[in-house]
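Written out below as structure tokens is the structure these notes cover.
Per chain, numbering begins at 1; letters A, B, ... match sequence-line order. Below, each value reflects all heavy atoms present in this structure, side chains not excepted, and no hydrogens, waters or symmetry copies. These numbers were taken from a predicted model, which means no experiment stands behind them.
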Amino acid sequence: MRYSQLFIPTMREVPSGINAISHILMLRAGYVRQLAAGLFIFLPLGWRVLNKINLILKEEMEKIGAQEISMPILHPAEIWQATGRWYTIKEEMFRLKDRTGRDMCLGMTHEEIMAWIASKEIKSYRQLPQIWYQIQTKLRDEARPRGGVLRTREFIMKDSYSFDADWEGLDRSYNLHAEAYHRIFTRCGLKYYQVESDPGIMGDLESHEFMAPTPAGEDDIVICESCGYAANIEVAKSEISTLLPSNLEYKEIYTPNKKSVKEVSEFLGLNEKYFIKTLLVISEKNGPVLVMLRGDQELNEKKLARIIGEFSFATPEQSLEILGVELGFVGPIGHKIKKIADLSIQKDITYVSGANKKDYHLQGIIPGVHFDAQWMDIRKVKEEDKCYKCGGSLKIEKAIEVGNIFKLGTKYTEPLHAYFLDKDGKEKPIIMGSYGIGPARVAAAAIEQNHDSDGIIWPKSIAPFDIEIIPLNMDDEKTVNIAEELYEKLGEIYNSFADRHIEVLIDDRDERPGVKFKDADLIGIPIQVIVGKKVLNENKIEIKKRRTKETKKVSVNKAVVEIINAYYETY
RNA sequence: CGGGGUGUAGCGCAGUCUGGUAGCGCGCACGGUUCGGGACCGUGGUGUCGGAGGUUCAAAUCCUCUCACCCCGACCA
């Protein structure tokens, strides 16, 4: 295509108040514009990138036998009421009424609708398995849209759903998706991890997330570099070293105004690890709960919430009211309320904790002897911990969730009565799975992972064009003729890498060379072909790889072959 | 939802403290000179100063309310 006919509004200045690199570059390079909080317009270049990604998604989904369909985004409330999510999801769902006053909502996702159609049409095990997918708009009234295109209120998602007759079938469909996702993200040029994840409101079974590491990411993931263990920090487990025996005499100690573990630890000259941090939380379902952690550890709130449901930390007033103790001096002994202690607290040594009395702590506490509790893993993994599988060292990285896979089981099919008759003539619920990928997040992650100070460096599989021809002197007949000739010839070449023709952009604008160079680097097409009077005098043109900035002069009559070679060499 | 911040030309900003009738750079239009890394000179157009109400002879500026957007946190199929 011709640059002069394409709408690519690049910006020289950096928009103020935003900080995600992908957000800045998408704006500066003319890929997107923002309509309102969490609502983005994809301009021609941005839309081309999304379509490149979608094409890869379609190809890989078709390879595992998935069939593309399209579902409404406006849903009747009854279906969401049937599964209960009409009630469990709160402000995040856009709701409205139609003219007759009927409750409706805008689809945040499509499990309900998929299970509904399955319930109507799938009657026999002979119709199973099925995998249906769509690339469709989702709407969520996000509390805080952020990071440009990373978290928006309206976005496109590739969502697929598997329907199987039994659990082995679900495993098969799940694994097929995992394999397809590996191919997809590899093809899109992303660095990514498949991590264990929290199923959240999707269900209670196995789930994984595909995470593209970048500082702009919203999630923390834990990676073991020796054995490959990878998990979202919300569910990650680790091993921490056991402590050497301690044998403190059981007695109260005066600790005036020393409340935090750190303060008391310094006051007594005893390592934080020999403390028990006692927290009071108020659970919506279970009321007050006392939570114990080793002094140097932090609470993983997600882990605790999975045990006791939604909870909040007690206020100073609540602590006095419920325990009769000021916060800071609460200890594990004596209270009648529910107690949960982290597994890292050893039962064979003595600890220090609050004495349940203002300005006093208690030493010599032996867990299991002086108090009992429900022993659970509620600790947040730290980088200095060891891998619980292999003992290897761990690293924690920020990452963007670009995809996820969930085993749903019968969570949606039972309430929506999606039953089929099995071989044995018995009626059984369909076993379901759901699998999502956010194309805009893939694009943003690709930019986060592939850019330099001049602009975007697209992985060539998802670049809006393959090659950009840059004639430098539009008033020089020879320059224009050779550029146009290359444009013609290159456009006719079949791109076996992508199974389509080479897509060429020619910057035919009457602009100064500097402007063209800057814009070309900003928008990030993998190969630049520079045609200019100066080098043309040697009967040569230049080929520049955007990624490495490596430039090569080649003679005009070998140009096409050399350009194609350079294109295949880059990545 | 809690905390912080910003709204002045298409973009980036100054002007607000101390009230006096709106400015700079870039971009844009036209003319000329330039032409291998966001050119230069000249000319020109551009604003309900986020909105509403109030104080005042006079409000971008002071007061009250409100809206939008951004950042941190909570939340996040």
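Contact annotation for A/A37: backbone-only contact, meaning every heavy-atom pair under 4.0 Å involves sugar-phosphate atoms and none involves a base. Residue contacts shown for A/E542 include a base, since a base heavy atom lies under 4.0 Å away. Residue contacts for A/E91: at a heavy-atom cut-off of 4.0 Å it reaches no nucleic acid atom on any strand shown. Within the nucleic acid shown, A/L150 has no heavy atom closer than 4.0 Å to any nucleic acid atom. Contacts of A/K544 with the nucleic acid, taken as non-hydrogen atoms under 4.0 Å apart, include base atoms. Within 4.0 Å of A/E92, counting heavy atoms only, lie sugar-phosphate atoms of the nucleic acid but no base atom. At a threshold of 4.0 angstrom between heavy atoms, the contacts of A/N19 are confined to the sugar-phosphate backbone, with no base atom among them. Using a 4.0 Å heavy-atom distance criterion, A/R33 is classed as making no nucleic acid contact.
When the P atom is compared between B/U48 and B/A22, the two are found 14 Å apart, to the nearest whole Å. The separation of B/A59 from B/G12, taken at their C1' atoms, amounts to 26 Å, rounded to a whole angstrom. Comparing the same atom, C1', in B/C30 and in B/C70 gives a spacing of 38 Å after rounding to whole Å. For the C1' atoms, the distance from B/U18 to B/C76 is 47 Å, rounded to whole Å. Comparing the P positions of B/G23 and B/A60 gives an interatomic distance of 13 Å, to the nearest angstrom. Only the C1' atoms considered, B/C11 is 12 Å distant from B/C28, to the nearest whole Å. Look at the P atom in both B/G25 and B/U34: the space between them is 25 Å, to the nearest Å. Comparing the P positions of B/A29 and B/U16 gives a spacing of 34 Å, expressed to the nearest Å.
Taking only distance into account, the side chain of A/N473 never meets the base of B/G36 through a donor-acceptor pair shorter than 3.5 Å. A donor-acceptor contact under 3.5 Å is not formed by the side chain of A/K540 with the base of B/G36. A donor-acceptor contact under 3.5 angstrom links the side-chain atoms of A/E13 to the base of B/G25.
Between the CD atom of A/E284 and the P atom of B/C75 there is a distance of 12 Å, given to the nearest Å. Look at CG on A/D476: it is 11 Å from C1' on B/C35, rounded to the nearest Å. Nucleotide B/C28 holds its P atom 11 Å from the CZ atom of A/R509, rounded to whole Å. Atom CG in A/D507 sits roughly 15 Å away from atom P in B/G37 (whole-Å rounding). Nucleotide B/A39 holds its P atom 11 Å from the CG atom of A/D519, rounded to whole Å. One can place CD of A/E401 at 9 Å from C1' of B/C76, the figure rounded to the nearest angstrom. Between the CZ atom of A/R146 and the P atom of B/C70 there is a distance of 11 Å, given to the nearest Å. Computed from coordinates, the A/E234 CD to B/C75 C1' distance equals 11 Å when rounded to whole Å.
Pairing of B/U33, defined by two Watson-Crick or G-U wobble distances under 3.5 Å, is identified with B/A39. The partner of B/G73 is B/C1, judged by Watson-Crick or G-U wobble contacts that both fall below 3.5 Å. Pair assignment for B/G20 gives B/C57, based on Watson-Crick or G-U wobble hydrogen-bonding distances that are each under 3.5 Å. Across all strands shown, B/G51 is found opposite B/C65 as a Watson-Crick or G-U wobble partner, with both distances under 3.5 Å. The pairing partner recorded for B/C28 is B/G44, the criterion being a Watson-Crick or G-U wobble arrangement whose two distances lie under 3.5 angstrom. Base pairing of B/A14 is not made with any nucleotide, judged by Watson-Crick or G-U wobble geometry with both donor-acceptor distances under 3.5 Å.
By the 4.0 Å N-to-carboxylate-O rule, A/D476 lies too far from A/K478 to be salt-bridged with it. Using a 4.0 Å cut-off between a side-chain N of Lys or Arg and a carboxylate O of Asp or Glu, A/D220 and A/K398 qualify as a salt bridge. With salt bridges taken as basic N to acidic carboxylate O contacts below 4.0 Å, none links A/K411 and A/E111. Salt-bridge annotation for A/K380 and A/E301: absent, with no side-chain N of the basic residue lying under 4.0 Å from a carboxylate O of the acidic one.
For A/V515 and A/I437, each mapped to the nucleotide of RNA chain B holding its nearest heavy atom, the one lying further toward the 5' end belongs to A/V515. Nearest-nucleotide positions on RNA chain B place A/E511 closer to the 5' end than the other of A/K516 and A/E511.
With B/C72, B/C70, B/G37 as the candidates, the nucleotide lying closest to the side chain of A/R144 is B/C72. Among the nucleotides B/G37, B/U34, B/G12, the one closest to the side chain of A/R512 is B/U34. Listed candidates were B/A74, B/C76, B/G36. Nearest to the side chain of A/E142 is B/C76.
In this structure, the separation between CZ on A/F7 and CD on A/Q5 is 15.0 Å, given to the nearest 0.5 Å.
Side-chain contact between A/R95 and A/D103: absent, with no pair of heavy atoms (C-beta onward) separated by less than 4.5 Å.
By the 30° and 60° cut-offs, the orientation of the rings of A/Y192 relative to A/F210 is tilted.
Remark: the backbone N or O of A/P471 is paired with a side-chain donor or acceptor of A/K516 at under 3.5 angstrom.
Taking only side-chain nitrogens and oxygens, A/K302 comes nearer than 4.0 Å to OP1 or OP2 of B/C76. Between B/C13 and A/S16, a contact under 4.0 Å exists linking OP1 or OP2 to a side-chain N or O.
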